[in-house]
Amino acid sequence: MSTNIISESLIATLPGNTYTDEAVFRAEQERIFEQMWFCAVRAADLDKPGAFRTVQIGRESIIITRNRKHGIRAFYNVCRHRGVKLCMEEKGEAGRSFQCPYHAWTYDFDGKLVAAPNLTKMPDIDRQEYGLVTVPVREYLGYVWVCLADEPPSFEEDVMGDIEERLGDTQAIEGYDVANLALGRRITYDVKANWKLIIENFMECYHCATIHPELTEVLPEFADGLAAQYFVGHGAEFGEDVMGFTVDGSEGLEKIPGVDEDHDRRYYAITIKPTVFVNLVPDHVIIHRMFPMAADRTIVECDWLYLPSVVESGKDVSASVELFHRVNQQDFDACERCQPAMGSKVYAKGGVLVPSEHHIGAFHDWVMDKVGDVVEAAHR
């Protein structure tokens, strides 16, 4: 680990400008968000051909939809004629095609140019070549992942590799059958903080005893300051008198059948770089997707997923939702308290990590490997 050592107990964090400088954020957009597999939308939200979502990935707006054969497709949200943004809405349903509101260039759900004023008088126009620019897609864990890189990295090494690194093997997540769970609740948070502060917060539990009273009641070991992610394969065990992963420790909902005894009554947290958190408990799964919008602003979309029978029956999921909703609010408030100080001259060289946070140093090293030259140039 290349992170500077201050003492045996303390290692340095990233410098403050890493969280505030526009040049650093632009480099992160170019070298991280636009080069890695990015978790964009839940596949089930695209329930029919023409249903679409638009998402901001780095500097680019991307349309994700289904074609006539129900296959997932993704395109840059840019008309090939004069560069107009085709879809202004965050979600919607295109009737038969995507049509540019400026000059009516029209594209089918596979991106092919199918119509335009006077198009028949221009027979030399290749309708595939002048179709929408496609983006590679993968479906995994019930979500659509896209990659804007000219040569996408290995999905197995990057995305599934992060799960394997955390849990010890990728099979450990298969029992939760995440792709076939149903959406019980979705909450979107607009966090006035840099995306890295949110990741760092999620990775450590040194703060848990201070700001998470409900969580430490359910997971007593968190009060000792060691996060579940500190140990490979470790899941934080529920308290002795806790019946479920709920705000008051009351009984949870129907258990996911594939969760075995080794994973029962335990909470597992996974960070999938660059912007995804996966939280596993016996009766539901919580997935956070982050969309960094600016150096000091991040949209976080959080999904609570349950067995389809639980959602279809209308069972009350509020006790389980409320637990992590409070955790989210507490965490995001802490991140928003940190953000203004990142630009202080007192924090110019950064802060420190105590031993229970040392694993965050690996994340900092990863960031510096991606954008370190820009961080150092901005720090001069």
Side-chain angles (χ1 to χ4, degrees), residues 39 42 139-143 156 159-185 202-205 208 212 214-273 276-289 302-311 315 317 319-328 331 356 359:
C39 189
R42 183 157 174 77
E139 284 190 62
Y140 183 58
L141 301 179
Y143 287 81
E156 288 72 20
V159 175
M160 299 173 72
D162 275 350
I163 295 175
E164 183 175 8
E165 183 179 339
R166 168 66 189 94
L167 297 180
D169 64 78
T170 54
Q171 291 184 342
I173 200 172
E174 293 177 4
Y176 293 85
D177 197 21
V178 184
N180 292 312
L181 298 181
L183 181 66
R185 189 74 57 84
F202 183 72
M203 290 182 71
E204 56 94 355
C205 215
C208 287
H212 294 320
E214 299 88 357
L215 184 64
T216 52
E217 280 290 321
V218 174
L219 305 174
E221 68 182 71
F222 274 12
D224 295 330
L226 286 178
Q229 294 186 76
Y230 192 85
F231 309 100
V232 175
H234 178 72
E237 192 169 3
F238 292 5
E240 200 170 301
D241 298 326
V242 170
M243 300 177 67
F245 196 74
T246 55
V247 70
D248 55 3
S250 59
E251 188 174 357
L253 296 154
E254 187 179 342
K255 178 182 168 183
I256 300 168
V259 177
D260 57 32
E261 290 185 5
D262 291 341
H263 297 89
D264 194 19
R265 291 184 55 79
R266 288 184 179 273
Y267 162 79
Y268 294 86
I270 307 165
T271 301
I272 302 176
K273 296 187 295 292
V276 177
F277 305 148
V278 180
N279 308 269
L280 307 171
V281 291
D283 64 333
H284 63 283
V285 172
I286 308 163
I287 293 185
H288 298 67
R289 285 169 292 134
C302 188
D303 291 346
W304 281 260
L305 309 173
Y306 303 84
L307 288 173
S309 58
V310 170
V311 175
K315 289 183 179 178
V317 299
S320 55
V321 170
E322 182 62 23
L323 174 57
F324 228 90
H325 175 50
R326 290 192 193 181
V327 170
N328 285 338
D331 281 339
S356 62
H359 58 295

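Keep in mind that this is a model prediction, so the values were computed, not measured.
With sequence neighbours excluded, the residues satisfying ring pair (Phe, Tyr, Trp, His ring centres under 6.0 Å) with Y306 are H284. Partners of H212 by ring pair (Phe, Tyr, Trp, His ring centres under 6.0 Å), not counting sequence neighbours, listed by chain and number: H207.
Within 6.0 Å of the CD atom in E164, the count of heavy atoms belonging to other residues, nucleotides or ligands exceeds 12. Within 6.0 Å of atom CD in E214, more than 12 heavy atoms from other residues, nucleotides or ligands are found, so the atom counts as buried in its surroundings.
Considering every non-hydrogen atom in both F222 and A236, the closest pair reads CE1-CB, 3.5 Å. Nearest approach of C208 to T216, heavy atoms of both residues: O-CG2, 3.7 Å. The two residues L323 and T246 come nearest to each other via the heavy atoms CD2-O, 3.6 Å. Between V259 and P282 the shortest heavy-atom distance is CG2-O, 3.9 Å. The heavy-atom pair separating M203 from H359 by the smallest distance is O-NE2, 2.7 Å. Minimum heavy-atom separation, V317 to R185: CG2-NH2, 3.8 Å.
The shortest distance between side-chain heavy atoms of L219 and F238 falls below 4.5 Å. In this structure the side chain of N279 never reaches within 4.5 angstrom of the side chain of F245, judged on heavy atoms.
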Run the numbers on Y267 and E221 for side-chain contact (heavy atoms from CB on, under 4.5 Å), then give the verdict.
-> CA-CA 11 Å; Y267 162 79; E221 68 182 71; over 6 Å; no

Going through the checks in order, is the side-chain contact (heavy atoms from CB on, under 4.5 Å) test met by V276 and V159?
-> CA-CA 10 Å; V276 177; V159 175; over 6 Å; no

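Judged purely by atom type and a 3.5 angstrom limit, R266 has no side-chain atom pairing as donor or acceptor with the backbone of L280.
Between I256 and the choices L305, L181, D283, the side-chain contact (heavy atoms from CB on, under 4.5 Å) rule is met once, by L181.
With values rounded to the nearest 0.5 angstrom, I272 atom CD1 is found 11.5 Å from E165 atom CD. How far NE2 of H234 is from CG of L167: 12.0 Å, rounded to the nearest 0.5 Å.
A donor-acceptor contact under 3.5 angstrom links the side chains of H263 and D260, judged on distance only.
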